[in-house]
Every structure is written in structure tokens, then in C-alpha cells.
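Below, all heavy atoms of this structure are taken into account, side chains as well, without hydrogens, waters or symmetry copies. To find a chain, count down the sequence lines: A is the first, B the second, and so on, and within it residues start at 1. Predicted model, so just to flag it, every value in this text is computed and none were measured.
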Protein chains: 2
Amino acid sequence: MTARTSAESTRDIPEATVARLPVYLRALTTLSESGTITCSSEDLAQAAGVNSAKLRKDLSYLGSYGTRGVGYDVDYLRYQIAREIGVTQDWPVVIVGIGNLGHALANYSGFRSRGFRVVALLDADPTRHDEVVAGIDVRPFDDLEQIVRENGVAIGVIATPAIAAQDVADRMVACGISSILNFAATVLSVPAGVDVRKVDLSIELQILAYHEQRKAQVEPA
Amino acid sequence: MTARTSAESTRDIPEATVARLPVYLRALTTLSESGTITCSSEDLAQAAGVNSAKLRKDLSYLGSYGTRGVGYDVDYLRYQIAREIGVTQDWPVVIVGIGNLGHALANYSGFRSRGFRVVALLDADPTRHDEVVAGIDVRPFDDLEQIVRENGVAIGVIATPAIAAQDVADRMVACGISSILNFAATVLSVPAGVDVRKVDLSIELQILAYHEQRKAQVEPA
DNA sequence: CTCGTTTTGTTCTCGCGTTCACAAACTCCT
DNA sequence: AGGAGTTTGTGAACGCGAGAACAAAACGAG
């Protein structure tokens, strides 16, 4: 095994692991705030809601940041994960669609505290353009390109009605945005190289309903 | 292979498939509204953003609802999937935590249109109790048990700050709620038999940030 | 009625992710 | 210094899901 630079060490982290790293990061932050200096994989696994073997394997993809017989230094590990995910740097974000959900997103403190800075709120509806949400004034959707260019925005959030989402996505991609978080209830088609993650509130409820129905079937009270 | 009753046919649907059924359901609804009578697995797969082999395999778990050489009857398949998921029936839901996100959820039309009926909005903060959101008045959190009992609520939504979420979950479980959709940024621990699904906005952004960082590393402009 | 065309339902194979189990490594106590 | 106890990091086995490929079934033309 050859020595690797830190740039090379960021290779080949499985997708399933990437999805859990933010959970570990939050658990570590909680531990750190409660004054914990070191923790075992068992402790952290419990805080993150996974089993310890999976946690250790996940962390092993980042490198060997633990000490056998001791555990992990909470702050050190936290920094390493944050660096790996990329939340040590500042990510400018635009939110398009300032309805109920857009409001909630704009006000969500969890973004800013993790390195995401909402640089603009955009809406196609001119009657919203005099509004100020979370200290940011709502601007016309047509300002998208200028804002993206001036702020170096790489991540866009779509909180529009489903009917408008594909158009918004197309415009975002045309401006150079390469990661999209989509809250609209529709399937987006984007060119290769653009990442889309979908959050669909009603789908989550439907999955719960399915299981709920199963439970009722098995044991009819 | 013996003949199976419709109750028995609902066995053993893989979790990955369950998660996609709502997507197919929405795609079918869109097709139906555009006047389409029948569609091939290829058509539906494209509308749902998956490949056709996976779609056919998913549908095969429900039964044989297609016709070889022809395709699927849109409305018939839509009904079968809806029945399988359980959205042909009415699901009473309570939402706890009427902050920005709670407001957005209460107003979200996608719930009602898929069989989910918000029967109550609850908040621990007394200053919110005179508010009316989406035509429903906000009630004290302590009314939870009564509301759950009177309406037969099985599904609860948590939209509180992280610090309150575990308490809310405990109370929900104590009342008999057995499925929880959690928007709070924390890991909930619940007894076996209770389903929890987590939606975490900042985690989704962090996953995007990770990939975005990778792209920037590979091709530094 | 028969043959070609279309499309489903299913089998098979492969790769990823999870979990177990254990060797390696570190600390602490005597 | 040495041994007992603890905890990490990882090799190996296992199970699930994705995708390719094909047989079975339905339709239509002649």
C-alpha cells in the first residue's frame, strides 16, 4: 500500500456511505457540544442510529482516524468528515419557488449552520417580488443567470409547483448549476454530469401507509 | 403455483419496490389525465424515470396486470397500485410543530389528493393556539391522545425543533401511532413495530455538496 | 388457421452493501 | 516489562437489488 495524498484519499466512497456521513457529522457535533472528547464506534453508532460494524467500515473509507483500544477523537473526526463532505467550505445556493415550502426552506437554519448560504430567492410570480423572506428579497426568476454567475452558485433548490419544475431545471443547467435538490413532485430529466436529488413528501407518507396497511392486515384488531 | 387470494398476494414486496410504487402511481395519474388509455412498460418507465426491466419486475410483485403484446391499462394499473399502497383508503394524519415547515406541510395539497387527511395541527407553544392554518386551528400538544383516539390516527408527522422531537415521538407511540414521518434533524428511537421515515433537508444538500466537491476536484477549471 | 410482431413476466448473473468475526494495535495495571 | 482488556480496521460470507436476456402470450395480417 503506497502513501496517498489527501486529495487521492477521497476516492471511491460508496454512495450508501456518503449518505450516512452527514448523519455521523451531526451526531459528532451533538457529542462535541455535550463536552465529549472521545467516543467509541459503539457510542457514535448508537447516536447515529446504525450498528457499529457499519459505522467502522464507513469511516474506514475516509482513512484511519481512530485509535485502537481508545476510540475516536470527537472534534478531529468531525473535522475529517466535514472536510470529506465539503462542508468546511461555503456553498452558495439559490432557491426557486417561494411558496409555503420555499418560505420554510429560506428560513431553515440548518442550511446556514452547515455551510450553505442562500444567496437568492427567485420566483416567476411578479406579485412576490416586493416580499422579503428571511432577510433576503425575492427577485424575478429571470435574474437567475446573473446571480449564478456573480456568486458562483453550483447548487439549486427547486420548490416550485410540479408543472414548472422541468423548465426551472433546464434554466438552472443552462446557467451552469450542476447539483439540484428537487422538492417538486415530478421526475426531472437533466444531462449527464448534473446531480439531482429528489425529496417528495407525499411519497414518504405513501410508503408509511403501505406498511401501516400491512400491519392492519396481519393483526386485525 | 396455487391460486392466491388478493389478501395473500400482498406478500413480500421488496422495500426498494415499495419506494418506487408511489412514483409509478403519479406517472400513471399524469398519463391518465392526458387521456392515455394504455401504455407499455417502456412508456411508463420513461415517465417514472426508471428503466423498463426494473419497472416490469416491480409490477410483477403485485401480480400480472399487463397484457403481453399490448401493455398496461392505465386506469386499471393505477387502481391496483393505489390499492396495494393503501391510498384508496383515507389516512388521518396529525402534524406536530407548526413552524415554517409545519405551515408548509399543512398547506401541501399533495397530501389530501393522495388520501391523507390532516385531522389536527398541534404545537406546544400556547401563543400559536389561536392561529388557523390551512383551515385547521392549531391545538395544544396535550390534546394529542384525544385526537388520535377519536380519529383513529395511525400516522404522525413531526416538524418540531430537533430538541423536542424525541419527546413528541414518545408521546405519539404511547397514543398508539405506529408510523412517524420525522422532519426534525435527529435520530429517533422507537420500539419495534413502529415505522419511522426521516426527511432531512440539510443531509440532502450535504450529499450534493460532496459530489459537487468531487467534480471540482477532478476538473479544476 | 398460421406466422410474424410486439410486449410482458421471469430467470439468471453480477455487483453493491451489510454483517460477522477476528487479527492488529493501543492502554492500563501490576 | 508483560499480560489482560479494549477497540479499531478489515477480510470474508451473505443477501438484496439491478439489469440483461429470453421464453411465453397476445394481437394482427394474410
A/E15 CD to D/dA18 P: how many Å, rounded? 14 Å
For DNA chain D, the residues among residues 25-52 of chain A that have a non-hydrogen atom under 4.0 Å from it: A/S40, A/S41
d(OH, B/Y24; C1', C/dT8) in whole Å: 15 Å
Between A/T38 and A/D73, do the side chains contain an N or O donor and an N or O acceptor separated by less than 3.5 Å? no
What one-letter contact string describes nucleotides 23-30 of chain C from 5' to 3', where B marks a base within less than 4.0 Å of any protein heavy atom, S marks contact via sugar-phosphate atoms alone, and - marks no contact? BBBBS---
Pairs involving residues 102-115 of chain B, ordered by first then second residue, that meet side chain to side chain donor-acceptor pair (under 3.5 Å) (sequence neighbours left out): B/H103-B/E131
D/dG9, C/dG9, D/dG19: which one has an atom nearest the side-chain heavy atoms of B/K54? D/dG19
So, is B/R56 close to the D/dA20 phosphate, meaning a side-chain N or O under 4.0 Å from OP1 or OP2? no
Holding to salt bridge (Lys or Arg N to Asp or Glu O under 4.0 Å), I want the full list of residues that pass it with A/D75, two or more places apart in sequence or in another chain. A/R78
CZ (B/F116) and CG (A/L208) are apart, to the nearest 0.5 Å, by 7.5 Å
Can you check whether any acceptor in the base of D/dG19 is under 3.5 Å from a donor in the side chain of B/K57, or vice versa? yes
When the distance from CG of A/D73 to P of D/dT8 is rounded to whole Å, what number comes out? 13 Å
Please confirm whether the ring centroid of B/Y72 lies under 6.0 Å from the ring centroid of B/Y65. no
4.5 Å side-chain heavy-atom contact, B/L55 and B/R20: no
If you assign B/L59 and A/P14 each to the DNA chain C nucleotide with the nearest heavy atom, which residue ends up on the more 5' nucleotide? B/L59
What residue among A/T29, A/L31, A/D43 forms side-chain contact (heavy atoms from CB on, under 4.5 Å) with A/V74? A/L31
Return each pair, listed once, that meets side chain to side chain donor-acceptor pair (under 3.5 Å) where at least one residue sits in residues 165-184 of chain A; pairs must be two or more places apart or across chains. A/D142-A/R171, A/Q166-A/D170, A/S178-B/E212, A/S179-B/E212
Using only side-chain N and O atoms of B/Y72, determine if any of them is under 4.0 Å from OP1 or OP2 of C/dG9. yes
Residue set satisfying salt bridge (Lys or Arg N to Asp or Glu O under 4.0 Å) with B/R68, at least two apart, ordered chain then number -> none
Could you check how far CG of A/D58 sits from C1' of D/dT10, rounded to whole Å? 13 Å
d(CG, A/L55; P, D/dT8) in whole Å: 8 Å
